[in-house]
Engineer: 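Got a structure for you, questions after.
Hydrogens, waters and symmetry mates are skipped; everything else that's a heavy atom, side chains included, is used. Just so you know, residue 1 is the first one in the sequence shown, and it goes up from there.
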Amino acid sequence: RVGLTTGLTVGPLTGTTGIGATITHQGHAQFAGVCTATSFVGSGANLTGITNTFGLTKVLAADTSVGSTQYDVETASLFDGTYDTGLIVIENLANNANDSTTLRMLAKVGGSYVTSGYKYTADYQRSNTNSDVMDYGNSNANVRLIEDIGNANGESLSMKLWFSMAGGASESHFWFWNLMTLNSSGVLVFSNGAATTSAAGGALSGFRFYLNSGNMGDLKIAVYGYTK
């Protein structure tokens, strides 16, 4: 144990050229070269210059009360061509309106929300039966994500939705989702689905989620962009 009141410098006795490390009496340490250790402890929240090896960048995070029938995701930095794929995570979307409502979605292509030509398929599994239910459409005005959403306490909805070709004007736009909710009878419903729109030739720039009637309540959402 060494007691120092002004800190410790590792290097030449005079001058600053060639100093390898400085440790202050306040507990700060700075090294000129590579620092290795058996382990590093801490959150790492203030680290800089680190490459995101997973390729995911958070571009939006909100914890809000919607108070309307729809919620739009139109974060410009997500759809400017920077990312190859996007991820939308919705947690505990509350249905404050009518019982047994339907959640639908639209895609914004070429600057406008598309209201025709959607192709989608979805599989619903329920906790009170071992029989799946299929939903599909080949030229629909919207994509039906889930029906029969309950409005009692705890009957909220959570979903993860991946989409491709953000900013790609000449290619088809595809997306798929995993979704779970408690329906109006308190039954757990799990859904897998995929969809596309026939509106080619325009850049994807947003998604709209909306109920067939009444207002959405509380909503937690996070949106990520992904680069390969």
Side-chain angles (χ1 to χ4, degrees), residues 52 54-95 101-122 135-146 149 157-179 181 191-228:
N52 182 0
F54 294 100
L56 283 174
T57 302
K58 184 184 291 185
V59 298
L60 170 67
D63 186 348
T64 185
S65 181
V66 179
S68 66
T69 59
Q70 67 187 47
Y71 186 88
D72 295 346
V73 177
E74 297 182 354
T75 307
S77 60
L78 182 65
F79 299 102
D80 63 1
T82 301
Y83 305 106
D84 303 299
T85 307
L87 169 63
I88 299 173
V89 180
I90 293 176
E91 296 291 343
N92 294 318
L93 169 62
N95 169 23
T101 55
T102 299
L103 180 66
R104 297 172 174 147
M105 70 176 298
L106 302 174
K108 191 175 184 179
V109 179
S112 301
Y113 279 101
V114 179
T115 56
S116 64
Y118 289 99
K119 304 177 188 296
Y120 76 94
T121 181
D135 187 20
Y136 59 92
N138 201 49
S139 185
N140 279 40
N142 55 65
V143 175
R144 186 167 48 234
L145 294 171
I146 192 75
I149 305 170
L157 176 148
S158 294
M159 177 176 67
K160 292 179 175 64
L161 183 144
W162 286 92
F163 59 92
S164 61
M165 307 304 173
S170 60
E171 302 181 45
S172 298
H173 308 295
F174 296 98
W175 58 95
F176 63 94
W177 64 89
N178 303 123
L179 180 154
T181 188
S191 171
N192 291 288
T196 185
T197 172
S198 59
L204 181 66
S205 58
F207 288 107
R208 172 171 294 168
F209 301 94
Y210 66 101
L211 298 175
N212 64 319
S213 65
N215 291 339
M216 297 179 180
D218 294 339
L219 166 70
K220 292 181 181 180
I221 185 170
V223 181
Y224 302 84
Y226 174 78
T227 53
K228 297 176 182 177

Engineer: Nearest heavy-atom pair of Asn212 and Thr102: which atoms, and what distance?
Structural biologist: OD1-N, 2.8 Å
Engineer: Just wondering, do Leu78 and Leu60 contact through their side chains at under 4.5 Å, heavy atoms?
Structural biologist: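 No - every pair of side-chain heavy atoms lies 4.5 Å or more apart.
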Engineer: Looking at Ala107 and Leu204, what are the two nearest heavy atoms and their distance?
Structural biologist: CB-CD1, 4.1 Å
Engineer: From Met159 CE over to Leu103 CG, what is the distance, rounded to the nearest 0.5 angstrom?
Structural biologist: 6.0 Å
Engineer: Between Phe174 and Trp162, is the ring centre distance below 6.0 Å?
Structural biologist: no
Engineer: CD1 of Ile221 to OG1 of Thr75: how many Å apart, nearest 0.5 Å?
Structural biologist: 8.0 Å
Engineer: Do Thr64 and Asp218 touch side chain to side chain, with heavy atoms closer than 4.5 Å?
Structural biologist: no
Engineer: Taking the side chain as every heavy atom from C-beta outward, state whether Thr69 and Phe209 have any atom pair closer than 4.5 Å.
Structural biologist: no
Engineer: Using side-chain contact (heavy atoms from CB on, under 4.5 Å), reason through Ile88 and Trp177 one step at a time and then give a plain yes or no.
Structural biologist: CA-CA 9 Å; Ile88 299 173; Trp177 64 89; over 6 Å; no
Engineer: Taking the side chain from Asp72 and the backbone from Glu74, do they hold a donor-acceptor pair closer than 3.5 Å?
Structural biologist: no
Engineer: Are Tyr118 and Ser139 close enough that some pair of their side-chain heavy atoms sits under 4.5 Å apart?
Structural biologist: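 In short, these two side chains do not touch, never coming nearer than 4.5 Å.
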Engineer: Return the minimal non-hydrogen interatomic distance between Met105 and Tyr210, and the atom names on each side.
Structural biologist: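 Scanning both residues completely, I find the closest heavy atoms to be N-CE2, 4.0 Å.
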Engineer: Grab the two heavy atoms, one from Ile149 and one from Leu211, that are nearest each other, plus how far apart they are.
Structural biologist: CD1-CD2, 4.3 Å
Engineer: Could you tell me the separation between the NE2 atom of His173 and the OG atom of Ser205, rounded to the nearest 0.5 Å?
Structural biologist: 8.5 Å
Engineer: Measuring from Gln70:CD to Asn215:CG, what's the distance to the nearest 0.5 Å?
Structural biologist: 10.5 Å
Engineer: If you measure from CG on Leu87 to OG1 on Thr57, what distance do you get to the nearest 0.5 Å?
Structural biologist: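 These two atoms lie 12.0 Å from each other.
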Engineer: Which heavy atom of Glu91 sits nearest to which heavy atom of Ser158, and what is that distance?
Structural biologist: OE1-OG, 3.3 Å
Engineer: Would you say Tyr224 and Val89 make side-chain contact, with heavy atoms under 4.5 Å?
Structural biologist: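 Touching, per the 4.5 Å side-chain cut-off.
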Engineer: Is there a side-chain contact between Leu106 and Val143 in this structure, where contact means two heavy atoms from C-beta onward sitting under 4.5 Å apart?
Structural biologist: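 In short, these two side chains do not touch, never coming nearer than 4.5 Å.
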Engineer: Could you check Phe79, Tyr226, Tyr83 and say which one makes a ring-ring contact (aromatic ring centres under 6.0 Å, His included) with Phe163?
Structural biologist: Phe79
Engineer: Can you find a side-chain donor-acceptor pair between Tyr71 and Arg208 that sits under 3.5 Å?
Structural biologist: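 No.
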Engineer: Using distance alone, with no hydrogens and no angle criterion, decide if Tyr120 and Asn138 have a side-chain donor and acceptor under 3.5 Å apart.
Structural biologist: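 No.
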Engineer: Using the side-chain contact (heavy atoms from CB on, under 4.5 Å) rule, take Leu161 and Asn178 through it: C-alpha gap first, then chi angles, then the decisive distance, then the call.
Structural biologist: CA-CA 7 Å; Leu161 183 144; Asn178 303 123; over 6 Å; no
Engineer: Report yes if the side chains of Arg104 and Leu145 come closer than 4.5 Å at any heavy-atom pair, otherwise no.
Structural biologist: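 Side-chain contact under 4.5 Å: no.
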Engineer: Could you measure the distance from the CG atom of Asn92 to the CG atom of Leu157? Nearest 0.5 Å is fine.
Structural biologist: 9.0 Å
Engineer: Side chains of Asn192 and Phe176: closer than 4.5 Å at any heavy-atom pair?
Structural biologist: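 They are not in contact (no side-chain heavy atoms under 4.5 Å apart), so the answer is no.
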